[in-house]
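Read the structure below first, then the notes.
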Amino acid sequence: MNTLDNETIELFSTNAANMARGDAQHLKTQVLPKGVNQIKDILYKDGKDASPETGNLLDIYKPEKTGESLLPVIVDFHGGGLYYGSKENNLCRDMILASQGFAVVNANYRLVPQVSFPQQLSDAISVLSWIRNHGAEYGLDAQRVCMTGDSAGQSLPYTHAPPTALQNLLPGLVCSRQDSQCMPLQALQECIA
């Protein structure tokens with residue numbers, strides 16, 4: 001149930017609009033890497049709250065040429081204070097990671113004020129469940145998964161969920177607590193090797 005007053009909701013809306021204006025130029029000028037396949041807008045959540053309109057969509061980026069049938073997975077959640085952002089903000093970075101031999105799952109989650117915390121955590125867990133249940137259909141190795149994100153997106157899987165619960169969901173999961181715009185490739189390779 002949404003208990004925010006109108007003034008707070010307006011503040012979220014104003015801040016999100018300002019952030020979107022700031023990101024627009026950056027997103028327009030990105031040069032996406034070649035040699036990466038994109039599978040866009042896969043609905044990852046079931047149930048009454050799940051629909052493309054709720055934002056429960058993910059993209060998968062994979063290198064065009066790979067010698068493996070199942071690729072190690074990097075799951076990425078965008079930042080934005082839990083009230084702003086989308087997977088498109090991390091598109092270029094995630095495609096660069098995919099070009100290095102990873103399958104990257106770039107996921108949206110529901111935002112404040114449409115929902116309140118911990119619904120975003122539920123969305124992050126749903127992404128992991130989706131990888132466990134459907135990942136092999138898309139060439140994802142659910143036994144080799146590394147999670148990352150920036151800012152608020154990083155906090156979803158690491159700060160609020162017990163590591164044992166996440167590792168029971170995906171036994172091969174390694175959580176990275178590093179908050180960075182682009183985690184060094186060597187660290188990612190060590191994370192999921």
Side-chain angles (χ1 to χ4, degrees), residues 1-30 32 40-45 47 49-61 73-97 104-131 145-163 165-166 169 173 175-184 187-188 191:
M1 183 168 148
N2 194 344
T3 59
L4 298 176
D5 60 58
N6 288 337
E7 183 178 346
T8 303
I9 291 171
E10 181 61 31
L11 179 63
F12 278 122
S13 296
T14 300
N15 285 343
N18 289 335
M19 293 170 84
R21 278 192 296 280
D23 282 343
Q25 186 62 30
H26 157 75
L27 293 173
K28 265 195 259 182
T29 60
Q30 292 185 119
L32 301 178
K40 305 280 284 175
D41 295 330
I42 301 168
L43 185 63
Y44 65 79
K45 194 165 185 165
D49 294 330
S51 74
E53 291 75 33
T54 62
N56 295 121
L57 299 172
L58 61 81
D59 295 346
I60 299 172
Y61 315 124
V73 181
I74 299 168
V75 180
D76 186 24
F77 296 100
H78 65 81
L82 300 179
Y83 68 91
Y84 168 76
S86 75
K87 56 189 171 58
E88 282 67 31
N89 289 28
N90 295 354
L91 173 67
C92 185
R93 178 188 68 199
D94 288 349
M95 288 183 67
I96 290 169
L97 292 172
V104 180
V105 173
N106 182 7
N108 277 341
Y109 50 88
R110 294 172 292 167
L111 301 172
V112 171
Q114 290 76 25
V115 298
S116 299
F117 189 82
Q119 278 85 3
Q120 295 92 347
L121 176 59
S122 170
D123 292 348
I125 298 296
S126 292
V127 170
L128 296 178
S129 294
W130 184 89
I131 291 169
V145 177
C146 180
M147 295 172 29
T148 192
D150 27 301
S151 192
Q154 175 193 347
S155 72
L156 291 174
Y158 313 127
T159 306
H160 305 292
L166 293 174
L169 182 64
L173 178 68
C175 293
S176 165
R177 295 182 183 269
Q178 179 175 350
D179 184 15
S180 67
Q181 288 302 309
C182 187
M183 183 184 292
L188 286 169
C191 176

Heavy-atom side-chain proximity of Val104 to Val73 below 4.5 angstrom: no
For Tyr84, all residues meeting side-chain hydrogen bond (donor to acceptor under 3.5 Å, both in side chains), sequence neighbours excluded: Asp23
Pairwise side-chain contact, Val75 with Thr148, heavy-atom cut-off 4.5 Å (strictly under): no
Heavy-atom side-chain contact between Phe77 and Val127 under 4.5 Å: yes
Which residues share a side-chain hydrogen bond (donor to acceptor under 3.5 Å, both in side chains) with Asp59, sequence neighbours left out: Lys40, Tyr61, Lys87
Side-chain touch Asn106/Leu58, heavy atoms, less than 4.5 angstrom: no
Residues forming a salt bridge (Lys or Arg N to Asp or Glu O under 4.0 Å) with Asp76, sequence neighbours excluded: Arg93
Closest contact, heavy atoms only, Ala152 versus Gly81: CB-N, 3.5 Å
Residues which pass side-chain hydrogen bond (donor to acceptor under 3.5 Å, both in side chains) with Asn108, listed by chain and number, not counting sequence neighbours: none
Lys45/Ser129 under side-chain hydrogen bond (donor to acceptor under 3.5 Å, both in side chains): CA gap, chis, key distance, verdict: CA-CA 9 Å; Lys45 194 165 185 165; Ser129 294; over 6 Å; no
Ile42 and Leu57: CA distance, side-chain angles, deciding distance, side chain to side chain contact (heavy atoms under 4.5 Å, CB included) verdict: CA-CA 5 Å; Ile42 301 168; Leu57 299 172; over 6 Å; no
Value rounded to 0.5 Å, distance of OG in Ser126 from CD1 in Ile131: 11.0 Å
Residues Tyr44, Asp123; criterion side chain to side chain contact (heavy atoms under 4.5 Å, CB included); working and verdict: CA-CA 9 Å; Tyr44 65 79; Asp123 292 348; 3.4 Å; yes
